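First the structure, in the form of structure tokens, and then the observations on it.
These values consider heavy atoms only, across backbone and side chains, with no hydrogens, waters or symmetry-generated copies. Just so we're clear, the structure is a prediction, and the values are computed from it rather than from any experiment.
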Amino acid sequence: MLKLYHTKPMTNKNKMIRGSLCMLMFCLLLNPLKGQEVKILEGSKPGSFNVRSNMLGWLFLVPNLGVEYRAADRIGLLADGGLSHWNFKRNGNDHYWRNWYSAPQLRYYTNDSRDAYIGLKGTVGDYNISNEQGHFMGGGFTFGKQYSAGKKLMIDIGLTLGFLQFSKVEKMRHVNGEHYRTATIPDRTYWGPTGISISFSRRTN
């Protein structure tokens, strides 16, 4: 006889934890089979210094730049940042697309070819987008893999799961250079995917 059990829906936090564990297992299984030739990417060698940029950020008009230093055989230290400062008028109202962020990251490369990683990532910044402005900060687990695109060039594809806390959030209206606060929004926290990257990374030394 088939029995059906009622269970409580998973919360966003539980989904994030389950997704993190699945990605961790996936990365740990990326080690090549014994006897298989291992080729380490040029930018993955200890002491390499790589300059990087996330193409998705440019797609959303957020210029960005970052660096990665391979501090040890399997350890990478990263710092990414972005800044946008755009504005336009529509129906007599001023609209803004402005934000900045800083995102340090610590990576551990899990496989012998040093191209799959897990890590910890933090994020902090401010935004003023359309009619809302505020501050955000957060952190989470990051996972990904790098692929060779040339002698010193790599493509880095990654995903971050974690939380973002939004504070000092205000609804604004901008008319002819004047700023009017229309509402104040209570602080809130989001759990789930907080970042995705398709970055080009080039070794400089």
Gap between atom CZ of Arg188 and atom CD of Gln165 - 0.5 Å precision: 11.0 Å

Leu78 versus Val67: any side-chain heavy-atom pair under 4.5 Å? no

Nearest-0.5 Å distance that lies between atom CD in Gln146 and atom CD1 in Ile157: 10.5 Å

Heavy-atom pair of closest approach, residues Lys145 and Tyr117: N-CE2, 3.6 Å

Is it possible for you to say whether Leu153 and Tyr147 belong to one hydrophobic cluster, with membership spreading through side-chain heavy-atom contacts below 4.5 Å? yes

For Thr160 and Lys121 the tightest heavy-atom approach is OG1-CD, 3.6 Å

All heavy atoms of Asp187 vs all of Lys168, minimum pair found to be OD1-N, 3.6 Å

Near His85 NE2, under 6.0 Å, is it more than 12 heavy atoms from other residues, nucleotides or ligands? no

If hydrophobic clusters are built by linking Ile, Leu, Val, Met, Phe, Trp and Tyr wherever their side-chain heavy atoms come under 4.5 Å apart, do Leu120 and Leu161 end up in the same one? yes

Is there a path of hydrophobic side-chain contacts, each under 4.5 Å between heavy atoms of I/L/V/M/F/W/Y residues, joining Trp100 to Leu65? no

Report whether Phe163 and Val124 are members of the same hydrophobic cluster (ILVMFWY, side-chain heavy atoms less than 4.5 Å apart, transitive linking). no

Can you tell me how the ring of Phe136 sits relative to the ring of Phe166, calling it parallel under 30°, perpendicular over 60° and tilted otherwise? tilted

Can you give me the closest heavy-atom contact between Arg52 and Ser199, atom names plus distance? NH2-OG, 3.9 Å

Report the distance from atom OG of Ser167 to atom CG of Asp126, rounding to the nearest 0.5 Å. 8.5 Å

What's the spacing between Asn131 CG and Tyr96 OH if we round to 0.5 Å? 10.5 Å

Heavy-atom closest pair (Ser84 atom, Trp86 atom, distance to 0.1 Å) is CB-NE1, 3.6 Å

Between the CZ atom in Phe49 and the CZ atom in Arg203, the distance rounded to the nearest 0.5 Å is 11.5 Å

Does the side chain of Tyr109 come under 3.5 Å of the side chain of Arg107 through a donor N or O and an acceptor N or O? yes

Could you grab the distance from atom CG of Leu159 to atom OG1 of Thr142, nearest 0.5 Å is fine? 7.0 Å

State whether Glu68 and Arg70 are salt-bridged, where the test is any N-O pair (Lys NZ or Arg NE/NH1/NH2 against Asp/Glu carboxylate O) under 4.0 Å. yes

Check ion pair Arg114-Asp73 (N to O, under 4.0 angstrom): yes

Kindly say whether Pro193 contributes a backbone atom to a donor-acceptor pair with the side chain of Tyr190 at under 3.5 angstrom? yes

State, to 0.1 Å, how close Arg74 and Asn111 come at their nearest heavy-atom pair, and which atoms those are. NH1-O, 3.1 Å

Taking the side chain from Asn64 and the backbone from Asn54, do they hold a donor-acceptor pair closer than 3.5 Å? yes

Would the distance check show the side chain of Asn205 and the main-chain N or O of Gly47 forming a donor-acceptor pair, the cut-off being under 3.5 Å? yes

Between the main-chain N or O of Ser53 and the side-chain N or O of Trp58, is there a donor-acceptor pair closer than 3.5 Å? no

Common cluster, Ile185/Tyr127, ILVMFWY with side-chain heavy-atom separation under 4.5 Å: yes

